Amino acid sequence: MSSPALNAVKGADSTAHFDPLVQLEDVAVKTGEENETVVYKQRCRVYRFDFETSEWKERGTGDVKFLVHNETGAARVLMRQEKTLKLCMNHPVVAEVELKSNMGSDRAWTWAITDFADAETAEDGIVQTFAIKFKNSESNTIVVCITYGVSLPSNPIESNLNDNLDNHDSRERV
């Protein structure tokens with residue numbers, strides 16, 4: 001049962017126009033990555049170990065990045081949650097970090113390091129035990145980079161990343 005008045009409303013176009021009450025201006029957001037070059041990026045999931053409950057807690061899913069500062073050459077590992085862009089991992093790359101295969105998997109790794117994702121200042125770092133899980137074992141390049149503090153090429157997309165890793169036998173240490 002449809003009435004002619006209902007059919008007229010369904011086919012009508014709205015001519016209403018609403019002006020916004022508040023005009024917003026663009027704001028430049030600084031991420032802290034402006035003076036750094038992303039030399040490697042891979043999607044993964046990161047967990048941290050909660051010692052109070054003795055269980056792994058998910059920190060987020062997103063792209064883990066290996067960043068190198070343009071002036072100092074200092075390297076760090078950074079990850080933001082993909083939807084909120086909240087920092088879930090931010091720590092320097094140091095060769096003393098011991099990476100271990102998680103439960104014998106070739107795509108999941110654990111390590112402990114001082115993390116600055118939740119820190120207000122550079123002195124507020126917290127020692128965290130992390131686990132990182134990749135989709136497949138071919139995504140493990142960042143693991144070798146973290147383990148050895150490997151200097152990656154300035155543009156890994158154009159060059160073969162394995163050329164820099166040939167000098168390191170990752171199977172012995174990892």
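Nothing here was measured: the structure is a model prediction, and the numbers come from that model. Residue numbers count from 1 along this sequence.
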Novice: Check whether Met79 and Phe116 end up in the same hydrophobic cluster, where Ile, Leu, Val, Met, Phe, Trp and Tyr are linked by side-chain heavy atoms less than 4.5 Å apart.
Specialist: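 Met79 and Phe116: separate clusters.
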
Novice: So Arg43 and Glu82, do their side chains get closer than 4.5 Å, heavy atoms only?
Specialist: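 Heavy-atom side-chain distance check passes, below 4.5 Å.
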
Novice: Flag the pair Thr129 / Phe51 as yes when at least one side-chain heavy-atom distance between them is below 4.5 Å, and no otherwise.
Specialist: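 A side-chain contact under 4.5 Å exists here.
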
Novice: To check you understand the geometry: which heavy-atom pair defines the closest contact between Ile113 and Pro92, and what is its length?
Specialist: CD1-O, 3.3 Å

Novice: Is a donor on one side and an acceptor on the other found under 3.5 Å between the side chain of Asn70 and the backbone of Asn35?
Specialist: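 It does hold such a pair.
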
Novice: Please report the closest heavy-atom contact between Met89 and Ala117, naming both atoms and the distance.
Specialist: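 Scanning both residues, the minimum pair turns out to be N-CB, 3.8 Å.
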
Novice: Do Leu85 and Leu78 land in one hydrophobic cluster if side-chain heavy atoms of ILVMFWY residues count as linked below 4.5 Å?
Specialist: no

Novice: Do Glu33 and Arg76 have side-chain heavy atoms sitting under 4.5 Å apart?
Specialist: yes

Novice: Evaluate the side-chain proximity of His91 to Gln128: yes if any heavy-atom separation is below 4.5 Å, no if none is.
Specialist: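 Gln128 vs His91: side chains apart.
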
Novice: Nearest heavy-atom pair of Cys44 and Lys133: which atoms, and what distance?
Specialist: CB-O, 3.3 Å

Novice: Show your reasoning for whether side-chain contact (heavy atoms from CB on, under 4.5 Å) applies to Lys57 and Glu55.
Specialist: CA-CA 6 Å; Lys57 305 248 179 168; Glu55 63 184 14; 3.5 Å; yes

Novice: Would Tyr40 end up clustered with Phe130 when hydrophobic side chains under 4.5 Å apart are linked, directly or stepwise?
Specialist: yes

Novice: Return the minimal non-hydrogen interatomic distance between Glu52 and Asp50, and the atom names on each side.
Specialist: N-OD1, 3.1 Å

Novice: Can you list the steps and then say if Asp115 with Arg48 is a side-chain contact (heavy atoms from CB on, under 4.5 Å)?
Specialist: CA-CA 11 Å; Asp115 183 59; Arg48 70 168 178 81; over 6 Å; no

Novice: Should we count CG of Asp26 as having more than 12 external heavy atoms under 6.0 Å?
Specialist: no

Novice: With rounding to the nearest 0.5 Å, note down the distance linking CE in Met103 to OG1 in Thr110.
Specialist: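 Between atom CE of Met103 and atom OG1 of Thr110 there are 10.5 Å.
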
Novice: Applying the 4.5 Å side-chain criterion to the ILVMFWY set and letting contacts propagate, would Ile126 and Trp56 be lumped into a single cluster?
Specialist: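 Different clusters.
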
Novice: As a quick check of understanding, evaluate salt bridge (Lys or Arg N to Asp or Glu O under 4.0 Å) for Glu36 and Lys65, giving each step before the final call.
Specialist: CA-CA 11 Å; Glu36 294 174 312; Lys65 298 177 190 175; over 6 Å; no

Novice: Got Val64 and Val46 here, is their nearest side-chain heavy-atom distance under 4.5 Å?
Specialist: no

Novice: Please confirm whether the ring centroid of Phe49 lies under 6.0 Å from the ring centroid of Tyr47.
Specialist: no

Novice: Any idea which heavy atoms bring Val68 and Gly73 closest together, and the distance?
Specialist: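 Result for this residue pair: CG1-O, 3.8 Å.
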
Novice: How close do Val29 and Glu34 get, heavy atom to heavy atom, and via which atoms?
Specialist: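 Val29 and Glu34 have their closest heavy atoms at O-OE2, 4.1 Å.
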
